[in-house]
Amino acid sequence: MASVVKINVLTVPAEQREVLEKRFASRAGVVEGSDGFEWFELLRPLEGTENYLVYTRWRSEEDFQNWMNGPMKAGHQGGGQDGGEGGGERPKPAATGSTVWSFEVVQQAAPKPAAE
C-alpha cells in the first residue's frame, strides 16, 4: 500500500507568520505519536506568496482520517483553555484561509550512501 501525503495550504498574512510558527512549535508531539504517521514539515514561503505548506505523510488515508477525527479534532477544540493566549478564550487563527491537497506517493528516493 502506498503512503498518502496531505498538504495543508495556509494563507498567512506577514504580521501573523511569527504567531503561526510559534503555535506549530508549541504543538510538540501532537501528531508524532499517531498511528500511521510518517512525516511532518512546516514550510515557510521565501517569496511571492503568503502560503505556508503543512506537509504530513501517512501510511494510509484511513490513518489520516483517524487522526483528523480523533487527536487533531480534540486538539483544535481545546483552543487556549490551558492558560494559553487569550486567557482561556480560543485564540484567533493565524491563517486567513486553508486548503488541503491530497496525494499518493508513487515514487520516492533517498540520498545514496557516501562512498567510502
Exercise for the section: Nearest 0.5 Å please: distance from the CD atom of Glu61 over to the CD atom of Glu104. Expected result: 10.0 Å
Problem - Nearest atoms (heavy-atom pairs only) where Ala94 meets Val19 - result: CB-CG1, 4.0 Å
Practice task
Answer yes if Val5 and Val54 sit in the same cluster of Ile, Leu, Val, Met, Phe, Trp and Tyr residues linked by side chain heavy atoms under 4.5 Å apart, and no otherwise.
Solution key: no
Problem - Spacing of Lys22 atom NZ and Gln16 atom CD [to the nearest 0.5 Å] - result: 11.5 Å
Problem - Spacing of Asn51 atom CG and Leu10 atom CG [to the nearest 0.5 Å] - result: 8.0 Å
Practice task
Taking the side chain as every heavy atom from C-beta outward, state whether Phe37 and Trp58 have any atom pair closer than 4.5 Å.
Solution key: yes
Exercise for the section: Enter the distance from Lys6:NZ to Gln65:CD here, rounded to the nearest 0.5 Å. Expected result: 6.0 Å
Handout entry: Flag side-chain contact, heavy atom, 4.5 Å: Leu53 against Glu41
Key = no
Exercise for the section: Verify the cluster assignment for Leu43 and Val9: are they in a single hydrophobic cluster under the rule of side-chain heavy atoms below 4.5 Å apart? Expected result: yes
Handout entry: Nearest heavy atoms of Thr49 and Pro45, plus distance in Å
Key = CG2-CB, 3.5 Å
Exercise for the section: Check whether any side-chain heavy atom of Ser102 sits under 4.5 Å from a side-chain heavy atom of Val4, and report yes or no. Expected result: no
Practice task
Inspect the surroundings of CD in Glu62 and state if more than 12 heavy atoms from other residues, nucleotides or ligands are less than 6.0 Å away.
Solution key: no
Practice task
Mind running side chain to side chain donor-acceptor pair (under 3.5 Å) on Asp63 and Ser34 for me, showing each step along the way?
Solution key: CA-CA 8 Å; Asp63 290 322; Ser34 298; over 6 Å; no
Exercise for the section: To the nearest 0.5 Å, tell me how far Trp101 CH2 sits from Asn8 CG. Expected result: 10.0 Å
Exercise for the section: Check whether Val105 and Ile7 end up in the same hydrophobic cluster, where Ile, Leu, Val, Met, Phe, Trp and Tyr are linked by side-chain heavy atoms less than 4.5 Å apart. Expected result: yes
Problem - More than 12 heavy atoms of other groups within 6.0 Å of Glu38 CD - result: yes
Handout entry: Heavy-atom side-chain proximity of Phe24 to Tyr52 below 4.5 angstrom
Key = no
Exercise for the section: Treating Ile, Leu, Val, Met, Phe, Trp and Tyr as nodes and any side-chain heavy-atom pair under 4.5 angstrom as an edge, say whether Phe103 and Trp39 lie in one connected cluster. Expected result: yes
Exercise for the section: Establish whether Leu42 and Phe64 are linked, either directly or via other cluster members, by ILVMFWY side-chain heavy-atom contacts under 4.5 Å. Expected result: yes
